[in-house]
Every structure is written in C-alpha cells, then in structure tokens.
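First up is the structure itself, then whatever we jot down about it.
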Amino acid sequence: MNWTDERVELLRKLWSEGLSASQIAAQLGGVSRNAVIGKVHRLKLSGRGRATAAPARQKKTTQGASMQKTVARAASAARHVTASIGATALQVQFDAEPVARHYIRPVENVVVPISRNLQLVELTERTCKWPNGDPLSEDFSFCGNDAGETGPYCKYHARVAFQPAAERRRAR
DNA sequence: CCCTGATTCGC
DNA sequence: GCGAATCAGG
C-alpha cells in the first residue's frame, strides 16, 4: 500500500478528528498503526491536543459524571462502573454484581450497557461481534466490548446469544 | 495484558 | 519516505 493523495487526506481528516493511530490504520486498511504514526510524524501532524501518548482518561467531566449515572441506572446488575471519554472512542468497563445475576433470568431484561460501535474492519479476536443496527445502514456497527477468549461476544451479549435451553423455555 | 503515541534506524 | 522494532506510558 502506498500513500496516495486520497489516503493521506483521509489520514489527515481522521487524525484531526482525534481517532487513534490504530483506528485510522484499520480504516485505511493495508497499513499498521506504526505506519500511520510514522506518516503522521513525517507530515508533521503530531501533537494533536494532548502531548504524550494515551489521553483516554478523564474523571470528572460533567458529561462523564452524568453518563456514569445513566449507565449505572440502566445496568441494574452493575456494581462498579468506570467510564472514560477519550480523544477517540467511548469506552465503558464494568463488573456485574454476582448476586444480581439470579434476578436477571428474563433475557429480555438483560441490559447491555454500551457499545464501542466499531466498524467491521476494527474488530479483533477479542472484540464482541454483536451487531448493532441495520447492516445496510451507514452507522451499522458492532458492540466491540471485550469478548475475552471464550467466544465471539462480550459476556452480556453472550448471555443473550447463548441461552441455556431450560432458561430459554421459561423465558418464552 | 490491553492500549496509546514517540523515536530510532535499516531499508 | 517508509514502517517494524522498540521505548515510554496509562
């Protein structure tokens, strides 16, 4: 892959929009994040916003605070909720309340907190491949939360996708 | 371990 | 100019 004008332009755009090098590499295709970073340097586009490395960590933004509440309310099974709004994508991590697990029998009531809304090219072996939205739509995306190594979905979508037979019967 | 950008250096 | 390897950091 060579750096055509179009590709450089897209690189400039995405970089200015705050996407991470790896995300840009994924969208460009055919290049590694290192290639993107190298190119960014050569183009002297570096230093976008915050200087050194990973900025993806804020704690008490008003927006962040209100969102934490929203997520906490939505996910009744959540015990610990941390949300971070980075220069790139929105990312939320959480741990389920073990006790609460007994209450959420009806699968319809399982609340999936939030998705990273990744594009197809951004999926890796560890990202949840649960689809969001209309595959024919522009804003179609995948959940993208951590799926571990046990399957194609994060634990919440796995719970929806792989219902135990008995449970599925009563959930009817 | 996952990720981030920064730098170096052989090609 | 390019980008893998490496470094430094969250």
Side-chain angles (χ1 to χ4, degrees), chain A residues 1-69 71-72 75 77-98 111-132 139-162:
Chain A
M1 275 299 181
N2 63 325
W3 288 102
T4 63
D5 290 352
E6 296 83 75
R7 290 167 65 79
V8 172
E9 187 185 2
L10 182 55
L11 167 60
R12 280 206 156 91
K13 176 175 172 257
L14 297 178
W15 183 260
S16 64
E17 286 178 358
L19 294 190
S20 69
S22 62
Q23 286 180 308
I24 295 174
Q27 302 219 357
L28 284 171
V31 285
S32 65
R33 77 179 194 93
N34 275 316
V36 170
I37 290 173
K39 187 61 180 174
V40 163
H41 271 233
R42 267 169 260 123
L43 289 172
K44 294 171 181 169
L45 301 176
S46 187
R48 148 200 61 180
R50 299 292 88 198
T52 38
R57 207 139 287 269
Q58 290 184 342
K59 261 187 179 175
K60 281 194 175 179
T61 322
T62 51
Q63 197 179 30
S66 64
M67 191 193 59
Q68 288 195 4
K69 286 184 180 177
V71 173
R79 176 206 296 160
H80 176 62
V81 177
T82 63
S84 59
I85 304 174
T88 59
L90 181 64
Q91 184 172 4
V92 174
Q93 301 176 335
F94 48 82
D95 291 318
E97 167 80 46
V111 176
V112 179
I114 208 169
S115 296
R116 293 175 65 199
N117 295 126
L118 300 185
Q119 302 304 302
L120 177 59
V121 288
E122 301 180 280
L123 294 177
T124 73
E125 294 175 352
R126 297 179 50 86
T127 53
C128 177
K129 295 164 190 62
W130 186 268
N132 287 326
D139 48 306
F140 173 71
S141 63
F142 292 90
C143 167
N145 285 320
D146 185 26
E149 297 178 310
T150 55
Y153 305 119
C154 65
K155 54 185 178 179
Y156 296 93
H157 284 132
R159 200 179 286 158
V160 179
F162 306 123

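First the proteins, then the strands, lettered A, B, ... as listed; each starts at 1.
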Partners meeting side chain to side chain donor-acceptor pair (under 3.5 Å) with A/Asn34 (sequence neighbours left out): none
Quiz: residues 121-131 of chain A side-chain donor-acceptor pairs under 3.5 angstrom, not counting sequence neighbours:
{"from": "A/Glu122", "atom 1": "OE1", "to": "A/Gln119", "atom 2": "N", "distance (Å)": "2.8"}
{"from": "A/Thr124", "atom 1": "OG1", "to": "A/Arg126", "atom 2": "N", "distance (Å)": "3.1"}
{"from": "A/Arg126", "atom 1": "NH2", "to": "A/Asp146", "atom 2": "OD1", "distance (Å)": "3.1"}
{"from": "A/Arg126", "atom 1": "NH2", "to": "A/Asp146", "atom 2": "OD2", "distance (Å)": "3.4"}
{"from": "A/Thr127", "atom 1": "OG1", "to": "A/Thr124", "atom 2": "N", "distance (Å)": "2.8"}
{"from": "A/Thr127", "atom 1": "OG1", "to": "A/Thr124", "atom 2": "O", "distance (Å)": "3.0"}
{"from": "A/Lys129", "atom 1": "NZ", "to": "A/Thr124", "atom 2": "O", "distance (Å)": "3.1"}
{"from": "A/Lys129", "atom 1": "NZ", "to": "A/Thr127", "atom 2": "O", "distance (Å)": "2.9"}

Interatomic distance where CG belongs to A/Leu123 and P belongs to B/dC2 [whole Å]: 17 Å
Check against side-chain contact (heavy atoms from CB on, under 4.5 Å), A/Leu14 and A/Gln23: CA-CA 9 Å; A/Leu14 297 178; A/Gln23 286 180 308; over 6 Å; no
Only distances under 3.5 Å count here; give the side-chain donor-acceptor pairs of residues 36-43 of chain A to other protein atoms, sequence neighbours excluded, each with its distance to 0.1 Å.
none

Length of the CD1-P vector between A/Ile37 and B/dT4, whole Å: 8 Å
A/Glu9 and A/Lys13 ion-paired at < 4.0 Å: no
Rounded interatomic separation in angstrom, taking CZ from A/Arg33 and P from C/dA5: 12 Å
Heteroatom pairs (N/O) under 3.5 angstrom, protein to nucleotides 1-3 of chain C:
{"from": "C/dC2", "atom 1": "OP1", "to": "A/Lys39", "atom 2": "NZ", "distance (Å)": "3.4"}
{"from": "C/dC2", "atom 1": "OP2", "to": "A/Lys39", "atom 2": "NZ", "distance (Å)": "2.6"}
{"from": "C/dC2", "atom 1": "OP2", "to": "A/Arg42", "atom 2": "NH1", "distance (Å)": "3.0"}
{"from": "C/dC2", "atom 1": "O5'", "to": "A/Arg42", "atom 2": "NH1", "distance (Å)": "3.4"}
{"from": "C/dG3", "atom 1": "OP2", "to": "A/Trp3", "atom 2": "NE1", "distance (Å)": "2.8"}
{"from": "C/dG3", "atom 1": "N7", "to": "A/Arg42", "atom 2": "NH2", "distance (Å)": "2.6"}

Side chain of A/Ala21 - closest among B/dT4, B/dT7, B/dG5: B/dG5
By side-chain contact (heavy atoms from CB on, under 4.5 Å) - contacts of A/Arg7 (at least two apart): A/Met1, A/Trp3, A/Thr4, A/Leu28, A/Val31
Atom-to-atom span, CG of A/Leu45 to C1' of B/dG5 - whole angstrom: 14 Å
Phosphate contact (B/dC3 OP1 or OP2) by A/Ser20 side-chain N/O below 4.0 Å: no
A/Ile24 CD1 to B/dC3 P, straight-line distance once rounded to whole Å: 16 Å
Between B/dC1 (C1') and A/Glu125 (CD): distance, integer Å: 14 Å
